[in-house]
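Reckoned from all heavy atoms, side chains included, excluding hydrogens, waters and symmetry mates.
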Amino acid sequence: MKSLGVFGIYREGHKVMAPYRKIFNQITLAFLLPLAFIYLAEMEISDILFPPQRYNIYGGRNTNTLKHWTVYALFKLAYYTSFLIFSLLSTSSVVYSIACIYANRSISLNKVIGVVPQVWKRLMVTFIVTYAFTFVYIVLVIVTMYICLSIHSGTNTALLIYVLLIIYIIGIVYLTIVWQLASIVTVLEDSSGIKAMKKSSNLIKGKFWVALAIFIELNIPVGVIQFAFYTFVIYAHFWEMWKRLLVGIACLVLLVPIFLYQLVLQTIIYFVCKSYHNETIDKPAMSNHLGGYERLYGPNEVQMEQV
């Protein structure tokens, strides 16, 4: 798989998913559909329930009270918690399913649901470490920008801001790609947190531009869908409600397969990176690793495997 480029990875993703439409459709309905719904509903609910916050951000008069901000903070906490839960469930279920396909193991929705609880704790550690790195990076960028702007002033200020923004975007994109690959490493290897991040950063070397191209290509339609949702659902007050509802459903239907495809291609990129670095993809060893998850909930199946 080391020779696969962008189009080769797309073809491999289609080849993997096509014979197993049933299980991927079940995973989509169980985990990815609620994930996409939560993603879009947050934008609509925020606009309906908390217009003072949005209005005040863009320079309106301060009409917010402590109660408003408390409710707003609790709503955001509930949103991020639910989004994180379904992200963990979606990532672990899709990665496990594709690994089972490559390892020639039987797979079913019941098996996936039984295995997911064994993986989410390690994934949670990786997610928390990634968020911590991202937070520290954002703080460093803000502090650096503040120091540079306080020292330099005049005509070069705008150019300095643009340069810092470009550096910030590059860093955030790199962290996101490494985090996505680290999630795959967490499920398929005995590592999590910082160890998984280090493993991911080493694996991505040599295939970064391939991963970057796929990252951009899959996030462009997400941005377009988000823009359409804001334009024709949230702020389309001149439209009848049924039209806005239809556009919202269309955005949801388009967003779900993109989320699924992202997870599938991220998993394939993991195998491509391992092949590129001449790391052996041992199917029996991977099968044993996956079987370790199953032994935690299926002793009868383990007995059959031993027989």
Side-chain angles (χ1 to χ4, degrees), residues 6 39-40 42-43 46-47 50 52-62 64 69 72-73 76-77 79-80 83-84 87 125-185 193-231 234-235 255 258-259 262 265-266 269 273:
V6 175
Y39 179 78
L40 294 177
E42 184 272 336
M43 294 185 284
S46 295
D47 186 76
F50 309 106
Q53 278 74 11
R54 292 180 179 273
Y55 180 69
N56 188 51
I57 288 174
Y58 292 103
R61 58 191 181 88
N62 188 1
N64 300 312
W69 286 114
Y72 185 74
K76 285 294 185 180
L77 178 63
Y79 162 70
Y80 286 117
F83 189 84
L84 177 60
S87 296
V125 174
T126 303
F127 276 38
I128 292 175
V129 169
T130 305
Y131 291 151
F133 273 110
T134 305
F135 177 77
V136 171
Y137 174 75
I138 292 175
V139 170
L140 289 177
V141 169
I142 293 175
V143 172
T144 303
M145 185 176 296
Y146 175 79
I147 293 174
C148 292
L149 292 178
S150 61
I151 296 176
H152 299 280
S153 60
T155 57
N156 295 327
T157 303
L159 179 61
L160 179 62
I161 292 176
Y162 287 135
V163 171
L164 292 176
L165 286 177
I166 291 174
I167 295 174
Y168 166 76
I169 293 173
I170 292 174
I172 285 294
V173 170
Y174 178 79
L175 282 175
T176 303
I177 293 175
V178 171
W179 160 63
Q180 291 174 348
L181 193 59
S183 301
I184 315 300
V185 172
I194 297 177
K195 185 178 178 181
M197 292 288 290
K198 290 181 179 178
K199 177 71 174 181
S200 173
S201 62
N202 291 329
L203 284 176
I204 205 68
K205 294 176 181 177
K207 287 292 183 178
F208 175 76
W209 296 110
V210 173
L212 178 62
I214 294 176
F215 174 83
I216 294 174
E217 290 170 0
L218 291 180
N219 278 275
I220 287 177
V222 174
V224 172
I225 292 172
Q226 186 174 357
F227 174 78
F229 191 80
Y230 270 117
T231 304
I234 296 179
Y235 298 126
L255 191 62
I258 294 175
F259 280 175
Q262 282 180 335
L265 295 187
Q266 288 166 15
I269 289 173
C273 290

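Partners of Phe227 by ring-ring contact (aromatic ring centres under 6.0 Å, His included), not counting sequence neighbours: none found. For Tyr39, the side-chain hydrogen bond (donor to acceptor under 3.5 Å, both in side chains) partners are Gln226, not counting sequence neighbours.
Interatomic distance, Leu84 CG to Tyr79 OH, rounded to the nearest 0.5 Å: 11.0 Å. In this structure, CE on Met197 lies 10.0 Å from CG on Leu181, to the nearest 0.5 angstrom. Note: Ile269 CD1 to Leu203 CG = 11.5 Å, rounded to the nearest 0.5 Å. The line from CZ of Phe208 to CZ of Phe215 is 9.5 Å long, rounded to the nearest 0.5 Å. Rounding to the nearest 0.5 Å gives a distance of 9.5 Å between CD of Gln266 and CD1 of Ile214. To the nearest 0.5 Å, the span separating CG on Leu255 from CD1 on Ile225 amounts to 5.0 Å.
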Side-chain atoms of residues 125-136: list all donor-acceptor pairs with protein atoms under 3.5 Å, sequence neighbours left out, distances to 0.1 Å.
residue: Thr126; atom: OG1; partner: Arg122; partner atom: O; Å: 3.3
residue: Thr126; atom: OG1; partner: Thr186; partner atom: OG1; Å: 2.8
residue: Thr126; atom: OG1; partner: Gly193; partner atom: N; Å: 3.1
residue: Thr130; atom: OG1; partner: Thr126; partner atom: O; Å: 2.8
residue: Thr134; atom: OG1; partner: Thr130; partner atom: O; Å: 2.8

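Heavy-atom minimum distance, Ser200 versus Ala182: OG-N, 3.4 Å. Here the closest non-hydrogen pair linking Ala211 and Ile204 is CB-CD1, 3.7 Å. The nearest pair of heavy atoms linking Ile258 to Pro221 is CD1-CB, 3.7 Å.
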- Message: Under the criterion side chain to side chain contact (heavy atoms under 4.5 Å, CB included), I'd like the reasoning laid out for Lys195 against Val185: C-alpha separation, chi angles, the key distance, then a yes or no.
- Response: CA-CA 9 Å; Lys195 185 178 178 181; Val185 172; over 6 Å; no
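Proximity of a side-chain donor or acceptor of Tyr168 to a complementary backbone N or O of Tyr137 within less than 3.5 Å is not detected.
Inter-residue side-chain proximity for Ile167 and Val141 is flagged as unmet; no heavy-atom pair is nearer than 4.5 Å.
Other residues, nucleotides and ligands contribute over 12 non-hydrogen atoms within 6.0 Å of the CG atom of Leu164.
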